[in-house]
Amino acid sequence: MGESHPLTGTLTQDVVLDCVDLSGTTRQLEAELAYDAEDPFAVTMTFKTRSGDVPWVFHRELLLNGMSDPAGEGDVRISPSIDFDGRAVTVIELQSNTGSFVAQARTPEIYDFVTGTLGIVALGDEVIDVDKMIDTLLPSI
């Protein structure tokens, strides 16, 4: 399971992704999933590369739904699958105007992370502090 910080409402978890390139070659890539109750709808997946960390932010509910049914449209799509060894995996597809990325993570790892986020903020209990957001966007003069 990931590292939870209940006083701050955060959770991080390392995952290993199996990435498939255009030639069909699979390579492993380390990533970190992160959740912060300050932004209760979002999950950040940070890919650890030789060139530096690459974060991608998407909706937590998309990750939750994508474990059991295809979910998402646009730049993030998540769906359930089975790998060559018969294990449940969650396929993560990311697209941008410069290319696409397809990877899979073991579903139990994704499940552990999502369950941990639900322990911090349950579905339907997400609240955004609008005053804090306005103060951040429009700092006082």
Would you mind writing out the side-chain donor-acceptor pairs for residues 87-95 within the sub-3.5 Å range, not counting sequence neighbours?
unit_1, atom_1, unit_2, atom_2, d
R87, NE, D83, OD2, 2.9
R87, NH2, D83, OD2, 2.9
R87, NH2, D85, OD2, 3.3
T90, OG1, T107, OG1, 3.0

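Residues V16 and V102 are members of separate hydrophobic clusters, defined by side-chain heavy-atom contacts under 4.5 angstrom among Ile, Leu, Val, Met, Phe, Trp and Tyr. L118 and I78 end up in the same hydrophobic cluster when Ile, Leu, Val, Met, Phe, Trp and Tyr side chains are linked at under 4.5 Å. There is no path of hydrophobic side-chain contacts, each under 4.5 Å, that joins V57 to V76.
Taking CG from D53 and CD from E30, the interatomic distance works out to 10.5 Å, rounded to the nearest 0.5 Å. With values rounded to the nearest 0.5 angstrom, L33 atom CG is found 8.5 Å from L11 atom CG. From T12, atom OG1 reaches atom CZ of F113 across 8.0 Å, with rounding to the nearest 0.5 Å. From E126, atom CD reaches atom CD1 of I120 across 12.0 Å, with rounding to the nearest 0.5 Å. Interatomic distance, F58 CZ to F41 CZ, rounded to the nearest 0.5 Å: 16.0 Å. Taking OG1 of T44 as the reference point, atom CG of D36 lies at 8.5 Å (rounded to 0.5 Å).
Applying the side-chain contact (heavy atoms from CB on, under 4.5 Å) test between V43 and each of V114, L64, L63 identifies L63 as the sole match.
In this structure a side-chain-to-backbone donor-acceptor pair under 3.5 Å is present from Q13 to E109.
For the pair S79 and P70, the tightest heavy-atom approach, listed with the atom from each and the gap, is CB-CA, 3.9 Å. Scanning all heavy atoms of the two residues, the minimum distance from V121 to A37 falls at CG2-CB, 3.8 Å.
When the side chain to side chain donor-acceptor pair (under 3.5 Å) test is applied to T25, the partners found at least two apart in sequence or on another chain are S23. In terms of the side chain to side chain donor-acceptor pair (under 3.5 Å) criterion, D75 has no residue partners (sequence neighbours excluded).
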Derivation and outcome, side-chain contact (heavy atoms from CB on, under 4.5 Å), residues L17 and Q28: CA-CA 6 Å; L17 303 172; Q28 289 192 328; over 6 Å; no

side-chain contact (heavy atoms from CB on, under 4.5 Å) between R106 and V15, worked out: CA-CA 8 Å; R106 291 186 179 168; V15 294; over 6 Å; no

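Within the 4.5 Å cutoff, the side chain of R60 has heavy atoms near those of the L123 side chain.
Y111 OH: 12 or fewer foreign heavy atoms inside a 6.0 Å radius.
In this structure, a donor-acceptor pair under 3.5 Å is present between the side chains of S96 and T98.
The aromatic rings of F47 and F101 sit perpendicular, their planes meeting at an angle over 60°, well past the 30° parallel limit.
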